[in-house]
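Encoded as structure tokens, the structure appears first; notes follow it.
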Amino acid sequence: MDSAISEVLPASRTPLSQTADNGLKIVIVGGFGVGKTTMVRSVSDIRPLNTEETMTQAGQHLDDLRAVPYKSSTTVAFDFGRISLDTHTVLYLFGAPGQERFWFLWDRLFTGTLGAIVLVDDRRLADSWYAIDRLEHHRTPFIVARNDFGGKPHSLTEVRDALDLEPQVPLIDCDVRSRASSKQVLIALVEHLQNLMTARENTV
Amino acid sequence: MSLAGRDDDPDRLYTLTGGRSRPSRDCFDLVTLVVGEAEPAQGMQSEHAAILRMTRRPVAVVEIAADLRLPVSIAKILLSDMLDAGWISVRHPQSALGVAQLPDHTTLEKVLVGLRDL
Ligand SMILES: Nc1nc2c(ncn2[C@@H]2O[C@H](COP(=O)(O)OP(=O)(O)OP(=O)(O)O)[C@@H](O)[C@H]2O)c(=O)[nH]1
Ligand SMILES: [Mg+2]
């Protein structure tokens with residue numbers, strides 16, 4: 001068994017610095033096929049990894065779980081990558097499915113997250129309504145990035161209206177197949193966070 | 001292949017964690033960094049030994065789960081046992097998020113500098 005395990009360990013993945021001690025999170029949410037994994041891949045130091053989180057059904061007691069271990073839980077897979085920002089700070093990017101039934105995963109991912117990027121395909125904007133509601137409810141700062149799937153039937157103003165975005169929420173265009181563009185999306189989010197903080201300090 | 005994996009039947013996962021569904025400590029974030037403090041040894045549970053081999057450098061909880069091909073919740077149970085045994089140490093995220101979850105200016109500035117350097 002030991003040998004079986006060592007065989008499946010990653011042969012080589014850029015290791016973190018020995019001094020790394022601060023993990024940060026940013027979540028990328030969006031509907032099926034909107035480019036979440038592509039964006040994680042574009043900017044990460046590593047190839048995207050995949051894992052899963054489980055939620056036990058509410059109202060389930062530990063004793064019940066012992067009786068029926070893991071059978072009453074819902075599982076959702078997500079992928080992630082990472083960027084070493086300096087010798088201490090590592091930014092983890094999580095790509096999470098936007099569908100309503102995965103709300104529990106985001107609630108978990110959103111906790112302690114710097115902020116979120118909502119990726120949208122403007123031919124399927126309704127796919128992101130629920131995610132945006134959830135982010136607002138959770139008070140997680142976010143920006144919206146429209147991924148470029150060719151042909152632009154809508155103006156950004158139309159997209160903003162269709163998503164019913166608050167005026168201060170940034171809405172930008174991107175092509176997440178490009179590393180530079182994905183990087184700009186991340187920078188736009190962090191600048192938005194800075195603006196939010198400055199605005200808050202000025203109102204105190 | 002005998003490595004426990006997410007495709008395993010529930011009984012296998014149940015055995016792996018001694019039937020528990022929760023870690024003894026609830027201190028692991030997905031991005032908590034784990035560092036091994038012991039050498040893998042004979043007689044250790046094979047997953048524990050595997051975790052020690054992968055944490056010679058800091059590694060996040062979520063990476064450990066992905067590499068072991070186990071659900072995050074199961075990885076956390078294994079890790080909390082190892083923490084109790086003194087085999088690993090942990091480095092928690094430092095960005096204490098304030099009211100309405102905004103991080104501090106210093107952290108944001110660091111992130112921006114790092115991103116612009118990419
Ligand atoms: N034209 C175009 N295609 C893209 C872009 N981003 C991603 N794609 C393609 O769209 C497809 C889906 O991208 P993924 O990154 O797998 O999307 P996802 O959101 O991770 O999808 P799921 O995890 O299945 O929900 C892939 O074939 C990508 O190559 C883009 O900016 N422009
Ligand atoms: Mg994907």
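Each chain gets a letter, A, B and so on, in the order the sequences are listed, and its residues count up from 1.
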Assert top hit (heavy-atom pairs under 4.5 Å, partner chain A, pool B/E63, B/E109, B/R56) equals B/E63

The interface call for A/I83 against chain B, heavy-atom contacts under 4.5 Å, is side chain

Honestly, the part of B/R116 sitting under 4.5 Å from a heavy atom of chain A is both

Other residues, nucleotides and ligands only: do more than 12 of their heavy atoms fall within 6.0 Å of NE2 on B/H105? yes

Given A/Q184, A/E191, A/E53, A/K183, the one with more heavy-atom pairs under 4.5 angstrom with chain B than any other is A/K183

Could you label the plane-to-plane angle of the B/W87 and B/H48 rings as parallel, tilted or perpendicular, counting under 30° as parallel and over 60° as perpendicular?
perpendicular

dist A/D164:CG -> A/I132:CD1 (nearest 0.5 Å) comes out at 9.0 Å

Assert top hit (heavy-atom pairs under 4.5 Å, partner chain B, pool A/Q18, A/K25, A/R82) equals A/Q18

- Tell me, yes or no, whether the heavy-atom count around A/R47 atom CZ, taken from other residues, nucleotides or ligands under 6.0 Å, exceeds 12. no

So, the part of B/L33 with a heavy atom under 4.5 Å from chain A: the answer is side chain

Contacts satisfying ring pair (Phe, Tyr, Trp, His ring centres under 6.0 Å) that involve residues 59-81 of chain B (not counting sequence neighbours) are none

Most contact-rich option vs chain B, by heavy-atom pairs under 4.5 angstrom, among A/I46, A/T19, A/L85, is A/L85

Applying a strict 4.5 Å limit to non-hydrogen atoms, the region of A/L91 in contact with chain B is side chain

The side-chain hydrogen bond (donor to acceptor under 3.5 Å, both in side chains) partners of A/D21 (sequence neighbours excluded) come to A/H88, B/Q94

Looking only at B/P40, B/A60, B/A75, most heavy-atom pairs under 4.5 Å shared with chain A are made by B/A60

Any sub-3.5 Å donor-acceptor pair from A/S44's side-chain atoms to A/R41's backbone N or O? no

